[in-house]
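All chains are named by letter (A, B, ...) in the order of the sequence lines, taking the proteins before the strands, and each is independently numbered beginning at 1.
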Amino acid sequence: MKLEFFQRSTKVVAEDLLGKFLVRSSGNKKILAEMITEVEIYDGPNDKASHASRGKTKRTAPMFEIGGIFYVYLCYGMYQMLNIVTNEKNYPAAILIRATAETNGPGRLTKKFKINKELNSKSACRDTGLWFEDRGVLLKNNQIKYLPRTGVGYAGSFWANKKWKLLLTEK
DNA sequence: GGAGTGATGACA
DNA sequence: GTCATCACTCCA
């Protein structure tokens, strides 16, 4: 997958990302490849649920970079969260990878893929050891479900009610 | 339903 | 320097 794929509006990228494969390698060997089934959008400087809404800080700096790099951070002291940064430089946006066909939950997913902060700010390409592949899975129009995001009640009803969690349903 | 967990950001 | 908060998971 080319990095330009991620340098588009976050919603478009999120929709396109469903059905693509997340691939992990160690050395020259691919060790894991799972289809992405659930993502969550964090888009723009005004999104109160996004870490970037309070301005650029040391932690959120990757979100302000150009699309195509990873944003990894620690949540609740135990779980790494994997995001892929989208859109243009200086526009803070990212997509949280929440689940694949075989692994449900962002914390479990990163544990299984051995994702940690070393991948933070790295490009989603083969050299990094973690990247995305299009394996030709075609989605039907009604296969994507739009739901409110998780754990964002603190952001206020306007942002909490946005249907920015995208779920891939069975056929 | 409730606890664990530690980096992060706000405030002083 | 302190303190509250959190894009979660596990076990009950």
Side-chain angles (χ1 to χ4, degrees), chain A residues 5-22 24 32 34-88 90-124 128 130-132 144-169:
Chain A
F5 177 89
F6 300 100
Q7 292 153 18
R8 302 179 291 157
S9 91
T10 314
K11 196 181 172 197
V12 174
V13 178
E15 287 169 353
D16 271 3
L17 209 51
L18 291 172
K20 301 293 188 290
F21 281 73
L22 182 66
R24 185 77 164 120
L32 273 175
E34 296 187 358
M35 189 177 78
I36 296 163
T37 56
E38 189 180 341
V39 298
E40 221 164 85
I41 296 172
Y42 290 88
D43 189 39
N46 299 318
D47 181 359
K48 291 287 180 294
S50 167
H51 293 158
S53 67
R54 270 175 255 144
K56 190 172 176 176
T57 65
K58 195 179 175 189
R59 177 172 62 152
T60 62
M63 289 185 81
F64 289 78
E65 290 303 316
I66 193 163
I69 66 170
F70 292 115
Y71 168 44
V72 182
Y73 78 96
L74 190 71
C75 188
Y76 297 103
M78 295 177 239
Y79 302 106
Q80 311 285 340
M81 298 285 130
L82 174 67
N83 299 250
I84 181 71
V85 175
T86 61
N87 222 296
E88 302 300 322
N90 293 324
Y91 182 86
I95 297 171
L96 170 68
I97 313 294
R98 293 187 57 83
T100 64
E102 296 141 285
T103 312
N104 201 272
R108 266 180 258 145
L109 190 132
T110 51
K111 193 178 168 191
K112 184 165 184 183
F113 278 77
K114 296 188 171 44
I115 289 160
N116 55 55
K117 287 198 293 187
E118 284 174 27
L119 291 166
N120 198 28
S121 296
K122 294 278 190 344
S123 295
T128 309
L130 184 68
W131 70 96
F132 300 93
I144 300 179
K145 244 189 186 169
Y146 296 82
L147 301 167
R149 287 179 290 183
T150 308
V152 293
Y154 68 90
S157 57
F158 178 79
W159 293 101
N161 289 334
K162 282 205 172 293
K163 302 243 186 332
W164 278 0
K165 170 149 82 175
L166 275 58
L167 199 62
L168 198 58
T169 59

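Where DNA chain C meets chain A (any atom under 4.0 Å from a heavy atom), the bounding nucleotides read 5' to 3' are C:dC6 to C:dC10.
Residues forming a side chain to side chain donor-acceptor pair (under 3.5 Å) with A:Asp16 (at least two apart in sequence, or on another chain): A:Arg8. Shown here are the side chain to side chain donor-acceptor pair (under 3.5 Å) partners of A:Thr10, two or more places apart in sequence or in another chain: A:Asp43, A:Thr86.
Of the residues listed (A:Val85, A:Ile84, A:Ile36, A:Leu166), the one engaging A:Ile95 in a side-chain contact (heavy atoms from CB on, under 4.5 Å) is A:Ile84, and it is the only one. When the options A:His51, A:Met81, A:Glu65, A:Lys122 are evaluated for a side-chain contact (heavy atoms from CB on, under 4.5 Å) with A:Tyr71, the one that passes is A:His51.
Remark: A:Arg98, A:Gly105, A:Pro106, A:Gly107, A:Arg108 in residues 98-115 of chain A come within less than 4.0 Å of DNA chain C through at least one heavy atom. For the contact set between residues 57-72 of chain A and DNA chain B, defined by any heavy atom under 4.0 Å, the members are A:Thr57, A:Arg59.
One finds a salt bridge joining A:Arg98 and A:Glu40 here, because a Lys/Arg side-chain nitrogen approaches an Asp/Glu carboxylate oxygen to under 4.0 Å. No salt bridge links A:Lys112 with A:Glu102; every basic N to acidic carboxylate O contact stays at or beyond 4.0 Å.
Around NZ of A:Lys20, the count of heavy atoms belonging to other residues, nucleotides or ligands within 6.0 Å exceeds 12.
The shortest distance between side-chain heavy atoms of A:Pro45 and A:Tyr91 falls below 4.5 Å. Using a 4.5 Å heavy-atom cutoff, the side chains of A:Leu22 and A:Glu34 are not in contact. With contacts defined as side-chain heavy-atom distances shorter than 4.5 Å, the pair A:Trp164/A:Trp159 qualifies. Considering only heavy atoms from C-beta on, A:Lys111 stays 4.5 Å or farther from A:Tyr79 through its side chain.
Aromatic ring centres of A:Phe6 and A:Phe132 lie closer together than 6.0 Å.
One interatomic measurement links the two molecules: CE of A:Met78 to C1' of B:dG6, which rounds to 9 Å at whole-angstrom precision. Between A:Gln80 atom CD and B:dT8 atom C1' there is a gap of 14 Å when expressed in whole angstrom units. Atom CZ of A:Arg54 is separated from atom P of B:dG9 by 8 Å (rounded to the nearest Å).
Each of A:Tyr79 and A:Lys117 lies near DNA chain B, and the nucleotide nearest A:Tyr79 is the one positioned closer to the 5' end.
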## Note on the structure
The dot-bracket string of DNA chain C, counting Watson-Crick and G-U wobble pairs with both distances under 3.5 Å, using [ ] for crossing pairs and | for pairs to another strand, is ||||||.||||.

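Looking at A:Thr60, its side chain never comes within 3.5 Å of a backbone N or O of A:Ala52 through a donor-acceptor pair.
At a threshold of 4.0 angstrom between heavy atoms, the contacts of A:Met81 are confined to the sugar-phosphate backbone, with no base atom among them.
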